[in-house]
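Here is the structure we will look at.
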There are 2 protein chains.
Amino acid sequence: MATIKDVARIAGVSVATVSRVANNDPKVSDKTKTKVSKVMGDLGYTPNANARALVKQKSMIMGVVIPQLTDPFFASLANGVEEVARSENMQLLLSTGLFDAESERKAIALLIEQQCDIMVVHSKILSDEELTALAARKPGLVLIDRYIDAIKERCIWIDNFEGGRIAARHLISLAHQDFAVISSVHEIDDPKLRMEGFRSELNTAGFSLSEQLIELNEPNLRGGEIAAQNLLSSGKKFTAIFVYNDAMAIGAISTLEDNGFSVPNDISVLGFDDVLLSRYSRPKLSTLNYPIEEMATHAARLALRLNNKKQPQNINLDTYKYVPRLVKRESTSRFGH
Amino acid sequence: MATIKDVARIAGVSVATVSRVANNDPKVSDKTKTKVSKVMGDLGYTPNANARALVKQKSMIMGVVIPQLTDPFFASLANGVEEVARSENMQLLLSTGLFDAESERKAIALLIEQQCDIMVVHSKILSDEELTALAARKPGLVLIDRYIDAIKERCIWIDNFEGGRIAARHLISLAHQDFAVISSVHEIDDPKLRMEGFRSELNTAGFSLSEQLIELNEPNLRGGEIAAQNLLSSGKKFTAIFVYNDAMAIGAISTLEDNGFSVPNDISVLGFDDVLLSRYSRPKLSTLNYPIEEMATHAARLALRLNNKKQPQNINLDTYKYVPRLVKRESTSRFGH
DNA sequence: TTGAAAGCGCTACCAG
DNA sequence: CTGGTAGCGCTTTCAA
């Protein structure tokens with residue numbers, strides 16, 4: 001690879017001048033600029049971003065940590081960050097944390113090693129303390145989908161409890177009385193909060209949620225299938241299911257229909273997330289919209305601002321909290337038609 | 001951020017020693033190692049990957065270029081590369097090329113600037129010449145989903161023509177006689193090759209494909225909906241559709257059913273790709289499996305090998321070509337039951 | 001408008 | 001086993 005020195009030597013100028021040309025410094029004569037540019041082209045010169053980052057003490061890399069890429073929800077998250085990176089002429093460094101603490105910790109550490117000072121982190125596993133300490137060290141780190149009170153000005157999150165309540169209200173308004181829940185087996189707050197919100201609203205309306213009609217499983221299509229199967233096997237009656245996410249909901253519908261139940265005629269199914277796929281499943285999935293891409297964009301921009309030390313003057317923390325929005329499609333309907 | 005010098009000063013050793021400890025060099029006394037490690041911990045020292053890459057003339061970054069992240073097909077591709085990166089203790093730098101030449105060119109250039117010498121590139125837009133020139137400069141660059149004869153030992157690709165033939169054979173074997181095609185409007189080889197293969201096999205069997213029953217649109221759910229609508233509007237008869245990809249196929253099914261046609265009873269629909277979602281759509285989608293994640297893993301490993309100058313001794317180019325595999329589910333059935 | 005040179009943080013070579 | 005130091009490719013003063 002040709003370096004700045006090669007260009008300088010061949011063009012008969014100093015490296016300083018080449019650097020100026022490479023960076024579009026206005027105080028270079030047109031003549032020199034033309035000459036140097038030509039040599040750059042001939043040699044196929046590409047500036048070394050590592051060297052540049054080293055001397056400038058800042059890299060043009062934006063980092064994002066997500067559990068996995070194949071989940072469309074997280075792909076959307078990454079995509080939101082990528083859009084901001086692109087608009088800032090930055091590059092996207094992506095680390096996956098799987099779902100265990102050690103990988104997640106390592107994913108973040110690797111990002112830091114790469115000197116990326118803007119990072120959007122999705123972590124459900126690491127403790128509040130650990131994340132808070134990390135945030136203290138990296139001003140440009142923002143958490144997404146997580147709320148930690150000590151660093152609330154660094155958190156872009158969604159109100160899961162309220163989501164559960166909205167779900168309950170919807171199902172109740174449809175005259176259902178026997179509810180089931182399919183949730184995630186993962187030991188994180190989201191499923192718990194959603195379920196609490198759901199139960200809370202149910203109780204308020206005078207209904208209750210039977211423990212036997214709560215099924216936990218992996219938050220993916222397969223998990224939804226299994227959970228629905230278990231629900232069916234329980235023999236208990238239910239006419240509406242609130243499901244942890246769209247993937248599980250679609251898996252559940254698949255099992256339900258394979259077993260001769262019609263959705264929503266026999267059983268209503270309500271998802272969560274509103275991934276693109278939910279619009280195209282059959283029946284089209286009623287769900288709660290989780291504006292993850294918008295949130296990711298927000299988080300990335302916030303990280304950018306925070307890193308510039310420009311503490312936002314009048315931050316309105318309310319805007320950091322998102323509330324899921326009911327999207328009524330076809331998988332939920334009035335009980336008994 | 002604490003640097004190696006800070007650690008050296010506080011630990012009372014030279015930077016050389018700190019470097020050795022950081023790199024697990026065996027010839028450091030346990031005593032020194034313990035002492036230095038402690039200081040590293042106290043200071044929260046993190047090695048600077050940029051500086052390291054600069055002096056070692058190699059980065060621990062693996063790059064991948066895809067059009068976009070939100071398409072599950074490309075997410076799987078990226079995921080395959082990511083798995084290899086992880087297993088090699090490397091980081092994943094992801095650039096999206098959208099679908100235009102300039103962005104794609106820039107995406108690759110940025111990866112090169114970041115000194116990532118292992119790259120898996122999905123490019124449908126750039127010319128054979130441009131890509132060949134790029135490959136000549138970067139020994140660790142591998143193309144995926146593209147075949148260029150001049151650099152065939154750097155291409156991991158799928159036989160689209162054969163895919164089209166397999167599709168035709170399947171539909172013919174189901175006694176269909178009136179075929180439609182929904183394909184991508186993009187000016188790339190894949191849709192053309194698939195259609196050629198499809199048509200070729202049709203002709204061989206004595207059938208023909210009417211130009212009026214070929215609909216091109218954007219290769220996504222929405223595009224599939226519109227294309228199916230147009231097919232319906234044409235008034236021409238067809239009982240089987242070969243669709244460019246699963247997303248379009250699901251969009252098409254959506255439109256078909258909204259218009260009162262049952263899939264597969266009235267019309268059979270065959271997709272392409274076999275993304276996870278195809279297993280969970282209603283009806284479950286018959287499709288051609290495109291082992292993209294496996295191919296991506298293969299590509300990443302190949303890039304790794306090539307970059308190590310270790311020209312694979314006995315490369316079997318046949319293994320670089322993948323053939324789609326028919327996955328029969330529910331969206332295709334025998335004509336007239 | 002241009003050049004010389006210091007130095008970013010690190011590794012690797014050479015001495016000791 | 002440890003230290004001194006050159007130098008990776010680049011930017012950025014400071015001088016000219």
Side-chain angles (χ1 to χ4, degrees), chain A residues 1-37 39-40 43-61 89 91 109-117 137, chain B residues 1-37 39-40 43-61 89 91 109-117 137:
Chain A
M1 291 294 298
T3 74
I4 199 172
K5 283 187 192 168
D6 300 322
V7 178
R9 186 166 32 78
I10 298 185
V13 297
S14 72
V15 294
T17 300
V18 178
S19 171
R20 292 188 185 103
V21 173
N23 292 284
N24 257 310
D25 188 321
K27 47 188 182 221
V28 184
S29 72
D30 281 353
K31 189 156 142 272
T32 317
K33 183 184 285 185
T34 312
K35 182 174 59 179
V36 173
S37 298
V39 177
M40 283 177 165
L43 261 44
Y45 168 73
T46 314
N48 182 325
N50 282 321
R52 189 176 271 176
L54 185 58
V55 49
K56 297 185 67 150
Q57 297 282 63
K58 75 185 277 257
S59 79
M60 292 300 278
I61 293 186
N89 269 305
Q91 288 283 95
L110 287 173
L111 250 35
I112 295 179
E113 282 187 21
Q114 294 295 340
Q115 313 302 305
C116 79
D117 12 47
R137 283 185 49 198
Chain B
M1 292 294 299
T3 75
I4 199 172
K5 283 187 190 167
D6 300 322
V7 178
R9 186 166 32 78
I10 298 185
V13 298
S14 71
V15 293
T17 299
V18 178
S19 173
R20 290 189 187 103
V21 173
N23 292 284
N24 258 310
D25 188 320
K27 47 190 181 217
V28 184
S29 71
D30 281 355
K31 188 155 142 273
T32 315
K33 183 184 287 187
T34 313
K35 182 173 60 180
V36 173
S37 299
V39 177
M40 284 179 166
L43 261 43
Y45 168 73
T46 314
N48 182 325
N50 283 320
R52 189 176 270 176
L54 186 59
V55 49
K56 298 185 67 149
Q57 298 282 59
K58 76 183 279 254
S59 79
M60 292 300 276
I61 293 186
N89 269 306
Q91 288 284 92
L110 287 173
L111 250 34
I112 295 180
E113 281 187 22
Q114 295 295 340
Q115 313 301 306
C116 81
D117 13 46
R137 284 185 48 196

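Proteins come first, then strands; the chains are lettered A, B, ... in the order of their sequence lines, and each starts at number 1.
- The closest side-chain heavy-atom distance from Thr3(A) to Asn48(A) is not below 4.5 Å.
- Here the nucleotide nearest the side chain of Thr17(B), chosen from dC10(C), dG3(D), dG3(C), is dG3(D).
- Taking 4.0 angstrom as the limit, Lys5(B) places a side-chain polar atom (N or O) nearer than this to OP1 or OP2 of dC8(C).
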Check step by step if side chain to side chain donor-acceptor pair (under 3.5 Å) holds for Thr17(B) and Ser14(B). CA-CA 5 Å; Thr17(B) 299; Ser14(B) 71; 3.3 Å; yes
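- For the OP1/OP2 pair of dT11(D) and a distance below 4.0 Å, the side-chain nitrogens and oxygens of Ser19(A) include at least one atom meeting the criterion.
- Listed nucleotides dG9(D), dT11(D), dC10(C) differ in distance to Thr3(A); the shortest reach to its side chain belongs to dG9(D).
- Summarising the geometry, the separation between CG on Leu54(A) and P on dG7(C) is reported as 14 Å, rounded to the nearest angstrom.
- Contact annotation for Lys27(B): base contact, defined as any heavy-atom pair under 4.0 Å involving a base atom.
- Distance Glu113(A) CD to dG9(C) P: 15 Å, rounded to the nearest Å.
- Within a 6.0 Å sphere centred on NZ of Lys58(B), other residues, nucleotides and ligands contribute 12 heavy atoms or fewer.
- The distance between atom CE of Met1(A) and atom C1' of dC10(D), rounded to the nearest whole Å, is 14 Å.
- No side-chain donor-acceptor contact under 3.5 Å links Ser19(A) to the backbone of Val15(A).
- In this model, the phosphate group of dG9(C) is approached by a side-chain N or O of Gln57(A) to a distance below 4.0 Å at OP1 or OP2.
- Of the residues near DNA chain D, Ala16(A) and Ala16(B), the one whose nearest nucleotide (by heavy atom distance) lies more toward the 5' end is Ala16(B).
- The side chain of Ala51(B) lies closest to dG9(C) when the candidates are dT12(D), dG9(C), dT2(D).
- The nearest whole Å value for the distance from the CG atom in Asn23(B) to the C1' atom in dA12(C) is 11 Å.
- Atom CZ in Arg20(A) sits roughly 11 Å away from atom P in dT13(D) (whole-Å rounding).
- Using a 4.0 Å heavy-atom cutoff across all strands shown, Asn50(A) reaches no nucleic acid atom at all.
- Residue contacts for Val13(A): at a heavy-atom cut-off of 4.0 Å it reaches the sugar-phosphate backbone alone, with no base atom in range.
- One finds a side-chain N or O of Thr32(B) lying less than 4.0 angstrom from the OP1 or OP2 phosphate oxygen of dT2(D).
- Judged by distance alone, with hydrogens and angles left aside, the side-chain atoms of Gln57(A) form no donor-acceptor pair with the main-chain N or O of Val55(A) at under 3.5 Å.
- Looking only at side-chain heavy atoms (C-beta outward), Val13(B) and Arg20(B) stay at 4.5 Å or farther from each other.
- Residue Val15(A) places its side chain closer to dA5(C) than to any other of dG3(C), dT2(D), dA5(C).
- Going from atom CZ of Arg9(A) over to atom P of dG3(C) covers 15 Å, rounded to whole Å.
- When the P atom of dT11(D) is taken as reference, atom NZ of Lys58(A) falls 13 Å away, rounded to whole Å.
- Between Gly12(A) and Val55(B), the residue whose closest nucleotide on DNA chain C is further toward the 5' end is Gly12(A).
- Remark: C1' of dT2(D) and NZ of Lys31(B) are 12 Å apart, rounded to the nearest angstrom.
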